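Worksheet: one structure, shown below.
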Amino acid sequence: MSMTLDERVRSAVAALLHVAGESQTDLAAALGVSQAQVSRRQSGAAAWSLADCEAVAAHYGITAHDLLAGPTRAAEALPAARRRVPGRNVPSARSAVVDGGV
């Protein structure tokens, strides 16, 4: 059974969050929306628009085509510099603000 486009996008965003070591809060800050809006899109209560997909792809340095192709393609397309390194804490946008770094 194949995934719908909505499911592919949600799965791709989840994969990118995981591989990059980011939270929904981090992605929301990068997109200029609330964490609740990202959560609604990820749960399927709201849809990711094409403009959202372009913004997500740009944030991760991949093409919208890679994002729309699904989680495997999106994760493979993620640039090495954006990948989380196991064992290394990657400061989130939120922790940088709390620590006074941003």
Side-chain angles (χ1 to χ4, degrees):
M1 183 172 154
S2 84
M3 287 191 274
T4 66
L5 181 57
D6 286 338
E7 291 168 332
R8 268 197 315 255
V9 171
R10 287 194 308 269
S11 294
V13 170
L16 290 167
L17 287 168
H18 177 74
V19 173
E22 290 186 342
S23 67
Q24 287 184 356
T25 303
D26 298 325
L27 179 58
L31 299 179
V33 300
S34 70
Q35 181 277 328
Q37 288 173 300
V38 171
S39 179
R40 282 193 296 277
R41 290 174 180 132
Q42 282 301 95
S43 71
W48 288 101
S49 70
L50 289 177
D52 293 332
C53 290
E54 287 179 332
V56 168
H59 170 68
Y60 287 110
I62 65 173
T63 68
H65 185 263
D66 290 330
L67 179 71
L68 296 173
T72 302
R73 174 86 169 262
E76 289 173 349
L78 187 68
R82 293 300 315 272
R83 294 177 181 274
R84 167 178 57 124
V85 175
R88 182 184 81 194
N89 283 338
V90 177
S92 67
R94 181 176 171 196
S95 66
V97 170
V98 170
D99 294 338
V102 174

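Bear in mind that the values here come from a model prediction, so they are computed numbers and not experimental data. Hydrogens, waters and symmetry mates are skipped; everything else that's a heavy atom, side chains included, is used. Each residue takes its place number in the sequence, starting with 1.
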- Task: Test E22 against H59 for side-chain hydrogen bond (donor to acceptor under 3.5 Å, both in side chains), laying out the working first.
- Result: CA-CA 12 Å; E22 290 186 342; H59 170 68; 3.0 Å; yes
- When you look at V38 and T25, which way does the side chain to side chain contact (heavy atoms under 4.5 Å, CB included) test go after all the steps? CA-CA 8 Å; V38 171; T25 303; over 6 Å; no
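Nearest approach of E7 to S2, heavy atoms of both residues: OE1-O, 4.5 Å. Nearest heavy atom pair, residue L31 against residue A55, reads CD2-CB, 3.6 Å. The two residues L27 and L17 have their closest heavy-atom pair at CB-CD2, 3.9 Å. Between Y60 and A20, the closest heavy-atom pair is CE2-CB, 3.7 Å.
Q35 pairs by the side chain to side chain donor-acceptor pair (under 3.5 Å) definition with Q24, not counting sequence neighbours. For S39, there are no side chain to side chain donor-acceptor pair (under 3.5 Å) partners at least two apart in sequence or on another chain. Taking the side chain to side chain donor-acceptor pair (under 3.5 Å) definition, one finds that S43 meets it with nothing, sequence neighbours left out.
Under the 4.5 Å side-chain criterion, counting only non-hydrogen atoms from C-beta, V13 is in contact with W48.
The environment of CG in L5 is crowded: more than 12 heavy-atom neighbours from other residues, nucleotides or ligands sit within 6.0 Å.
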With a 3.5 Å cut-off and sequence neighbours excluded, list the donor-acceptor pairs that the side chains of residues 70-78 form with protein atoms.
| residue | atom | partner | partner atom | Å |
| --- | --- | --- | --- | --- |
| R73 | NE | D66 | OD1 | 2.8 |
| R73 | NH2 | H65 | ND1 | 3.2 |
| R73 | NH2 | D66 | OD1 | 3.3 |

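Between the side chain of R82 and the backbone N or O of G61, no donor-acceptor pair lies under 3.5 Å.
Sorted by first and then second residue, the salt bridge (Lys or Arg N to Asp or Glu O under 4.0 Å) pairs involving residues 35-51 (not counting sequence neighbours) are R41-D52. Listed by first and then second residue, the side chain to side chain donor-acceptor pair (under 3.5 Å) pairs involving residues 8-17 amount to none (not counting sequence neighbours).
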